[in-house]
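Each remark here refers to the structure printed beneath this line.
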Amino acid sequence: TLTIASKDGITTLDPSIAYDETSIGAIHAMVDGLVGYAADSTELVPRLAERWTVSPDGLRYTFALRDATYADGTPIVAADFKRGLERALAKADSPYGSHLTGLVGAQEMIDGKATHCAGIVADGRTLTLALTAPNAALLYELAMPYAAPLPEDYPPDLRRGTRASGPYQVALWDEGQ
């Protein structure tokens with residue numbers, strides 16, 4: 001059990017739009033991503049990705065996912081990461097789309113000219129990201145909650161959260177208390 005009490009209330013549990021420290025802290029406890037930070041460090045370590053490779057030209061990142069599930073036992077697959085990243089690109093109120101513009105096809109999604117990002121390819125438990133130019137910050141971006149997997153049957157309004165891919169799930173949110 002994890003209880004979060006804060007002077008500043010949680011405004012949303014939607015990873016694609018949360019931008020305040022309190023909300024992001026709560027979301028970090030509920031979602032896990034491809035990579036994360038080692039304890040007390042800025043070193044990136046595998047989380048839901050078992051391993052990854054970067055092409056010699058720095059334009060292609062390939063992630064092999066570990067065998068992982070959401071809190072309800074549903075397997076986490078590469079399509080869930082594609083769905084989460086594309087949601088951050090497509091939501092007009094997401095502050096994170098600009099963080100992903102280096103992906104092939106990302107700007108087209110942000111501009112509403114595409115429904116899928118050509119640079120995000122999911123195949124079973126393999127996720128491939130194609131970039132327009134090398135980006136040394138990409139792995140650090142992927143450690144952020146907005147890059148977490150999103151299950152296929154996610155609710156239309158994620159303000160109160162979705163299925164947990166991390167160590168905790170919401171049992172009670174006593175908003176305003």
Side-chain angles (χ1 to χ4, degrees), residues 1-4 10 12-18 23-55 60-91 94 96-97 99-100 102-103 106 109 116-131 135 137-173:
T1 301
L2 173 67
T3 302
I4 298 173
I10 295 170
T12 183
L13 293 175
D14 185 335
S16 291
I17 62 173
S23 297
I24 290 174
I27 294 168
H28 259 297
M30 296 178 355
V31 301
D32 214 347
L34 294 165
V35 297
Y37 292 96
D40 300 319
S41 173
T42 57
E43 176 190 0
L44 290 175
V45 295
R47 301 292 299 174
L48 294 176
E50 190 170 56
R51 65 188 176 283
W52 66 87
T53 59
V54 181
S55 64
R60 185 168 310 277
Y61 287 67
T62 303
F63 298 88
L65 302 184
R66 64 180 71 253
D67 188 12
T69 62
Y70 291 100
D72 69 354
T74 302
I76 295 172
V77 295
D80 298 340
F81 284 97
K82 178 177 175 64
R83 192 174 301 107
L85 291 167
E86 287 181 341
R87 186 168 184 276
L89 288 168
K91 283 191 68 61
S94 174
Y96 302 109
H99 297 221
L100 298 170
L103 291 170
M109 278 203 72
H116 293 286
C117 182
I120 306 172
V121 178
D123 182 14
R125 290 190 10 218
T126 302
L127 180 72
T128 303
L129 303 177
L131 283 68
N135 179 358
L138 179 66
L139 287 173
Y140 293 93
E141 288 292 336
L142 296 176
M144 298 296 293
Y146 74 84
L150 190 59
E152 184 173 13
D153 60 348
Y154 72 91
D157 179 13
L158 294 179
R159 183 179 173 282
R160 297 195 65 84
T162 186
R163 194 172 306 133
S165 59
Y168 297 97
Q169 62 183 351
V170 176
L172 171 70
W173 179 5

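Within the 4.5 Å cutoff, no side-chain heavy atoms of Leu127 are placed close to those of Val77. Using a 4.5 Å heavy-atom cutoff, the side chains of Pro149 and Tyr70 are in contact. Proximity of Trp52 to Pro46: side-chain heavy atoms (C-beta onward) are separated by under 4.5 Å at one or more points. Residues Tyr61 and Thr128 have side chains not in contact (no heavy-atom distance under 4.5 Å, counting atoms from C-beta outward). The shortest side-chain heavy-atom distance between Lys91 and Asp14 falls under the 4.5 Å cut-off. In this structure, Leu65 and Thr126 have side chains that are not in contact, with every pair of non-hydrogen atoms separated by 4.5 Å or more.
Considering all non-hydrogen atoms of both residues, Ala106 and Leu89 come closest at CB-CD2, 3.8 Å. Closest of all the heavy-atom pairs between Leu129 and Phe63 is CD1-CE1, 3.9 Å. Shortest non-hydrogen contact noted between Glu152 and Arg83 is N-NH1, 3.2 Å. Pairing each heavy atom of Asp67 with each of Arg125, the nearest pair is N-NH2, 3.6 Å. Cys117 and Met109 get closest at one heavy-atom pair: N-SD, 3.3 Å. Of all heavy-atom pairs spanning Gly33 and Arg47, the tightest one is O-CB, 3.1 Å.
Note on ring orientation: taking the six-membered ring where Trp is involved, the planes of Tyr37 and Tyr140 are tilted (angle from 30° to 60°).
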Exercise for review: Start with the C-alpha gap between Leu85 and Leu142, add the side-chain angles, then the distance that decides, and say whether side chain to side chain contact (heavy atoms under 4.5 Å, CB included) holds.
Suggested key: CA-CA 9 Å; Leu85 291 167; Leu142 296 176; 4.3 Å; yes

Practice item. With side chain to side chain contact (heavy atoms under 4.5 Å, CB included) as the test, would you mind laying out the steps for Val35 and Val45 before giving the verdict? Key: CA-CA 6 Å; Val35 297; Val45 295; over 6 Å; no

Practice item. Apply side chain to side chain contact (heavy atoms under 4.5 Å, CB included) to Arg87 and Tyr146, showing your working. Key: CA-CA 9 Å; Arg87 186 168 184 276; Tyr146 74 84; over 6 Å; no

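The CG atom of Leu150 sits 11.0 Å away from atom CD1 of Ile76, with the distance rounded to the nearest 0.5 Å. Leu48 contributes atom CG, which lies 10.0 Å from atom CG of Asp80 (distance to the nearest 0.5 angstrom). Taken to the nearest 0.5 Å, the OG1 atom of Thr12 stands 10.5 Å off from the CD1 atom of Ile24. In this structure, Leu103 CG and Leu138 CG are separated by 6.5 Å, a value rounded to the nearest 0.5 Å.
A donor-acceptor pair is defined here as one N or O able to donate and one able to accept, closer than 3.5 Å; no such pair exists between the side chain of Ser16 and the backbone of Ser94.
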